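Have a look at the structure below, then the notes.
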Amino acid sequence: MMLLPTHHFRDIERKPEYLQPEKCVPPHHPGPVGTMWFIRDGCGIACAIVTWFLVLYAEFVVLFVMLIPSRDYVYSIINGIVFNLLAFLALASHCRAMLTDPGAVPKGNATKEFIESLQLKPGQVVYKCPKCCSIKPDRAHHCSVCKRCIRKMDHHCPWVNNCVGENNQKYFVLFTMYIALISLHALIMVGFHFLHCFEEDWTNLLQASGLTREGTAEAQLSLHEKKQPPKVSSTECSSFSPPTTVILLILLCFEGLLFLIFTSVMFGTQVHSICTDETGIERLKRKHQPREHRGSWKSVKETFGGDFSLNWFNPFSGPCDPEPLSDRDWVRQAASLSETDNTETAEEQSEERKDEDSVEVTDE
């Protein structure tokens, strides 16, 4: 049994007794399926509230500034249905990503009894997380915000106030996709709004109000002679004043462009991670642990819930149920971890032969 060089800088414990089980709280019995998961993090909660506020702001501008005042009812109905449907799916995906257990490892299971129940053989090693006192299965990482080890943890996203892991990656991908789509849709509608409304309706509105240079004298004379209020064009494009409408649309453009770029990049990154079966943390650390690499299509189907169907785009349909962790999932082969390590000295090999009958538990 050989060890990676990084193992020499870790606290390697040779017996289960050194786990100090009195410091580990036994894991609670798992709750029923579908139990709500919520992280009490102030920054994450604030970011989640801001996310909802920005979506609702876009909803307000699209409906009350662009669609409802429009006299083209077909245009308003079609775009209103499409935008509201995408916004609903985006917020539903956000809720599912935020309130779904991302794949937390049972907390406090690094006890003497649990280690002994694994019946480790020579050459086998288990990794203990000293922060949450848990035995870490392969590809699990500790999140300092969630204070748990998460299976297939990609990253912790404050915008959903949760980790993106094995159980909620689908919802996060859908969230980024729908936010990108409503951002693009809003930008297109703002463009059409400026093209079709600014020159005709707003110019007429300004002239009727006596705010243009050319129309000021004429409007004042008309008011003086006829003593009647100016008539506003019946086809005006907004129920707000032109300056207010322009400000609201500019803010919507800035928001839409920013989130379109951000969520498109995140969507592409997540799809790439799923297709390559490599999480963001593994990609950054280049920590290629020996495991069975699944095909790209198989990984995609497991993440989105089976063969391709409309359920892939449904935030209320979950991914494939992961198989419950068995005893072998907690154990790793130390020898296979270092097949590429050719720098081990003869003294280290001798020491490993001497201790090959010992149980190894490593802090990670």
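Keep in mind it's a predicted model, so treat the numbers as computed, not measured.
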* To do: Would you confirm whether Tyr178, through its side chain, and Leu85, through its main-chain N or O, come within 3.5 Å as a donor-acceptor pair?
  =>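 Side chain of Tyr178 to backbone of Leu85: no pair is present.
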* Asked: Which value, rounded to the nearest 0.5 Å, describes the distance between Ile135 atom CD1 and Leu118 atom CG?
  ->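 Interatomic distance, Ile135 CD1 to Leu118 CG, rounded to 0.5 Å: 7.5 Å.
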* To do: Report yes if the side chains of Trp37 and Asn168 come closer than 4.5 Å at any heavy-atom pair, otherwise no.
  =>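 No, side chains not in contact.
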* Among His155, Arg151, Glu282, find the residue that satisfies the side chain to side chain contact (heavy atoms under 4.5 Å, CB included) test when tested with His141. =>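 It is Glu282, the one option of His155, Arg151, Glu282 that forms the side chain to side chain contact (heavy atoms under 4.5 Å, CB included) with His141.
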* Asked: Quick one: hydrophobic cluster around Val265, which other residues, with the 4.5 Å side-chain cut-off, linked directly or via members?
  ->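 In the cluster with Val265 there is nothing else; it is isolated.
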* Run through the side-chain heavy atoms of Ile, Leu, Val, Met, Phe, Trp and Tyr, join any pair under 4.5 Å, and report what else lands in Ile77's cluster. =>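 Joined to Ile77, directly or through intermediates: Ile81.
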* Asked: Excluding sequence neighbours, so at least two apart, what forms side chain to side chain donor-acceptor pair (under 3.5 Å) with Ser76?
  ->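 Expected list: none.
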* Could you walk me through whether Leu252 and Val62 pass the side chain to side chain contact (heavy atoms under 4.5 Å, CB included) test, one step at a time? => CA-CA 9 Å; Leu252 180 61; Val62 168; 4.2 Å; yes
* To do: Evaluate side chain to side chain contact (heavy atoms under 4.5 Å, CB included) for Glu278 paired with Ser273, printing each intermediate quantity in order.
  => CA-CA 5 Å; Glu278 184 181 41; Ser273 296; 5.9 Å; no
* Could you tell me whether Phe192 atom CZ has more than 12 heavy atoms of other residues or ligands within 6.0 Å of it? =>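 Open.
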Should the pair [X] and [Y] be assigned to parallel (<30°), tilted (30 to 60°) or perpendicular (>60°) ring geometry?
X	Y	result
Phe175	Phe172	tilted
Phe240	Phe60	perpendicular
Trp312	Trp297	tilted

* To do: Go through the steps for Lys170 and Arg96 under the test side chain to side chain contact (heavy atoms under 4.5 Å, CB included), then give the verdict.
  => CA-CA 9 Å; Lys170 170 187 175 177; Arg96 293 301 301 272; over 6 Å; no
* Please lay out, stage by stage, how Met66 and Val190 fare under the test side chain to side chain contact (heavy atoms under 4.5 Å, CB included). => CA-CA 8 Å; Met66 291 189 289; Val190 169; 3.9 Å; yes
